[in-house]
There are 2 protein chains.
Amino acid sequence: MKNNVISGVKCTDCPIQHRAVCSRCDHAELMLLESMKKYRSFKAGEAIFWRGDDLTYVASVIEGVATLEKTMEDGRTQMVGLLLPSDFIGHPGRTRIDFDVTAASDVVLCCFDRAPFDQLLKDVPHISQRMIELAMDELDAARDWMLLLGRKTAGEKIATFVEMVVRRQHFDRKDGMRPDLVLPLSRGDIANYLGLTVETVSRQIGKLKSDGILEFIDKRRFRVIDLERLQQATGDDDDGGVIV
Amino acid sequence: MKNNVISGVKCTDCPIQHRAVCSRCDHAELMLLESMKKYRSFKAGEAIFWRGDDLTYVASVIEGVATLEKTMEDGRTQMVGLLLPSDFIGHPGRTRIDFDVTAASDVVLCCFDRAPFDQLLKDVPHISQRMIELAMDELDAARDWMLLLGRKTAGEKIATFVEMVVRRQHFDRKDGMRPDLVLPLSRGDIANYLGLTVETVSRQIGKLKSDGILEFIDKRRFRVIDLERLQQATGDDDDGGVIV
DNA sequence: CCGACCGTTTGATGTAGGTCAAGTTTTTGA
DNA sequence: TCAAAAACTTGACCTACATCAAACGGTCGG
């Protein structure tokens with residue numbers, strides 16, 4: 001999310017993926033990736049990888065939302081990662097994963113077979129560099145998430161989640177209008193993200209609504225009425241954070 | 001913690017640090033590190049880095065325990081990292097940190113000034129490789145920790161923590177005797193690790209004692225009476241996990 | 001050797017959020 | 001187009017853990 005340098009290069013077909021893999025690639029390397037890529041689609045709810053699977057390919061999310069989840073023997077589950085478009089699956093040196101990867105909505109991935117991709121990483125150091133940056137961003141995110149899970153109240157958790165969604169979707173139209181924002185997850189998935197139950201999520205979203213902080217078009221689509229109060233409700237230090 | 005390949009090389013002075021930085025370094029590179037290192041000591045409770053600090057040096061923990069903590073404006077804090085001997089502070093490409101690093105006990109660090117260390121990483125690819133492995137291990141640990149914070153009960157949290165301590169300290173004496181194990185953190189720090197309060201930690205440790213799972217020599221030193229039941233109490237899938 | 005202090009334990013009580021149980025709305029699919 | 005299923009909301013109740021309060025060692029400085 002940081003260092004979001006977008007080069008002036010025009011990507012031929014799937015710009016997002018290349019931005020994710022490498023924010024400063026020149027045309028030659030783009031072509032190299034182009035020739036390797038292969039799309040895969042998953043329907044909502046479908047498994048992308050199971051815990052323990054070999055990662056036969058790495059992938060960039062093009063469309064939709066995928067989740068990383070851990071499950072206890074008795075069925076309790078906790079989301080431990082959320083993949084939105086431009087996010088990447090597959091880490092340096094990791095060929096197995098210890099969590100399930102699931103499509104939370106219909107998902108399109110841009111995939112690269114492991115072996116040639118690993119070779120590419122060896123040959124093109126700055127792509128490898130970019131992969132490490134992505135992994136470090138994930139570690140930072142995981143730590144914020146731990147604070148949320150360990151110490152925040154239900155209200156703060158919801159506010160933090162919504163604020164994160166707003167931040168990731170924040171963009172201004174040319175005409176100055178703000179488009180409606182959309183929650184990328186179902187109530188159940190949000191609960192799973194925040195370590196809560198569906199009922200609590202529902203109630204707390206209701207509270208944001210009745211407090212006049214959010215306004216809902218339908219269950220998924222909403223608008224922010226009072227951004228300042230939303231941010232206050234997160235409980236975070238408001239040192240801003242760069243908008244991406 | 002994984003890939004714990006210890007080379008046959010005899011380290012001259014501080015073996016642990018070299019194992020942490022590089023598990024397969026040969027003598028020449030060892031000497032290179034030797035010439036760069038510089039010890040720093042911290043007393044229990046002392047700050048090692050503050051949130052927002054520039055990392056002027058990276059470091060390997062030689063003795064003692066350090067913690068990474070996040071704090072909310074109102075003072076609530078959550079531990080987001082625990083550094084035991086052989087753990088490393090400083091990540092590829094990260095020169096600032098977004099959490100406080102504190103000495104939980106008296107700590108000795110083996111430090112390397114940032115600039116020359118970064119140069120070393122450029123020159124010696126497999127040390128850089130090792131750094132990435134360490135970071136990936138941390139990410140894996142963070143995800144297990146998230147499951148713990150989000151979904152485990154107080155009892156499961158404590159059991160998981162104790163089991164982790166047992167695993168990290170597990171080693172057999174030549175005479176076959178098991179040495180006493182020692183909790184590396186105070187009750188307060190354990191609470192902070194697990195997203196609980198001191199009182200709850202105290203009560204749950206008391207429960208492990210009265211259930212005949214643990215036996216205490218004093219508040220810190222203990223022995224495991226029933227490892228199997230301890231592991232069951234963690235709620236984790238018992239697919240073992242390699243002992244380090 | 002003693003008193004202040006800190007870390008810990010223990011008990012009594014309060015409450016945020018979980019659980020259980022209906023409803024209601026939205027989506028699906030035939 | 002309509003019925004069945006899934007997703008979401010709402011309410012009543014319950015419990016695990018937090019909070020508040022007090023007491024109990026250890027340890028450290030004088």
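The model shown is predicted, which means the values in this text are computed figures rather than measured ones. In what follows, chains are A, B, ... by sequence order, proteins preceding strands, each numbered from 1.
Salt bridge B/Asp144/B/Lys152: absent, no basic N to carboxylate O contact under 4.0 Å. A salt bridge is defined here as a Lys NZ or Arg NE, NH1 or NH2 lying under 4.0 Å from an Asp or Glu carboxylate O, and A/Arg167 with A/Glu163 meets this definition. Salt-bridge annotation for A/Asp106 and A/Lys43: absent, with no side-chain N of the basic residue lying under 4.0 Å from a carboxylate O of the acidic one. Look at A/Asp137 and B/Arg94 and you find a salt bridge, because one of the NZ, NE, NH1 or NH2 atoms lies within 4.0 Å of a carboxylate O, short of that distance. Between A/Asp218 and A/Arg220 there is no salt bridge, since no side-chain N of the basic residue sits under 4.0 Å from a carboxylate O of the acidic one. One finds a salt bridge joining B/Glu138 and A/Arg143 here, because a Lys/Arg side-chain nitrogen approaches an Asp/Glu carboxylate oxygen to under 4.0 Å. Using a 4.0 Å cut-off between a side-chain N of Lys or Arg and a carboxylate O of Asp or Glu, B/Arg96 and B/Asp53 do not qualify as a salt bridge.
Atom C1' of nucleotide C/dA12 and atom CZ of B/Arg203 are separated by 10 Å, given to the nearest angstrom. Separating the CD1 atom of B/Ile190 from the C1' atom of C/dG7 is a distance of 12 Å, rounded to the nearest angstrom. Straight-line distance from the CG atom of B/Leu149 to the P atom of C/dG17: 15 Å, rounded to whole Å. Rounded to whole angstrom, the span from the NZ atom of A/Lys43 across to the C1' atom of C/dT27 amounts to 16 Å. Atoms CG (A/Asp106) and P (C/dT27) sit 14 Å apart, rounded to a whole Å. At whole-Å resolution of the value, CG in A/Asn192 and C1' in C/dG18 are 15 Å apart.
Residue A/Gly206 is out of contact with every strand shown, counting any heavy-atom pair closer than 4.0 Å.
In this model, the phosphate group of C/dT9 is approached by a side-chain N or O of B/Arg187 to a distance below 4.0 Å at OP1 or OP2.
Positionally, the nearest nucleotide of DNA chain C for A/Gln204 lies more toward the 5' end than for the other of A/Gln204 and A/Asp218. Nearer the 5' end of DNA chain D, as judged by each residue's closest nucleotide, is the contact made by A/Lys219, out of A/Lys219 and A/Arg151.
Under a cutoff of 6.0 Å and an axis angle of 45°, A/Arg223 and A/Phe216 do not form a cation-pi pair.
For the side chain to side chain contact (heavy atoms under 4.5 Å, CB included) with B/Met79, the lone residue among B/Leu185, B/Leu194, B/Leu68, B/Thr102 that qualifies is B/Leu185.
Read 5' to 3', the first and last nucleotides of DNA chain D with an atom closer than 4.0 Å to a heavy atom of chain A are D/dC8 to D/dA12.
Looking at residues 193-202 of chain B, you'll see B/Gly195, B/Leu196, B/Thr197, B/Glu199, B/Thr200 sit with a heavy atom under 4.0 Å from some atom of DNA chain D.
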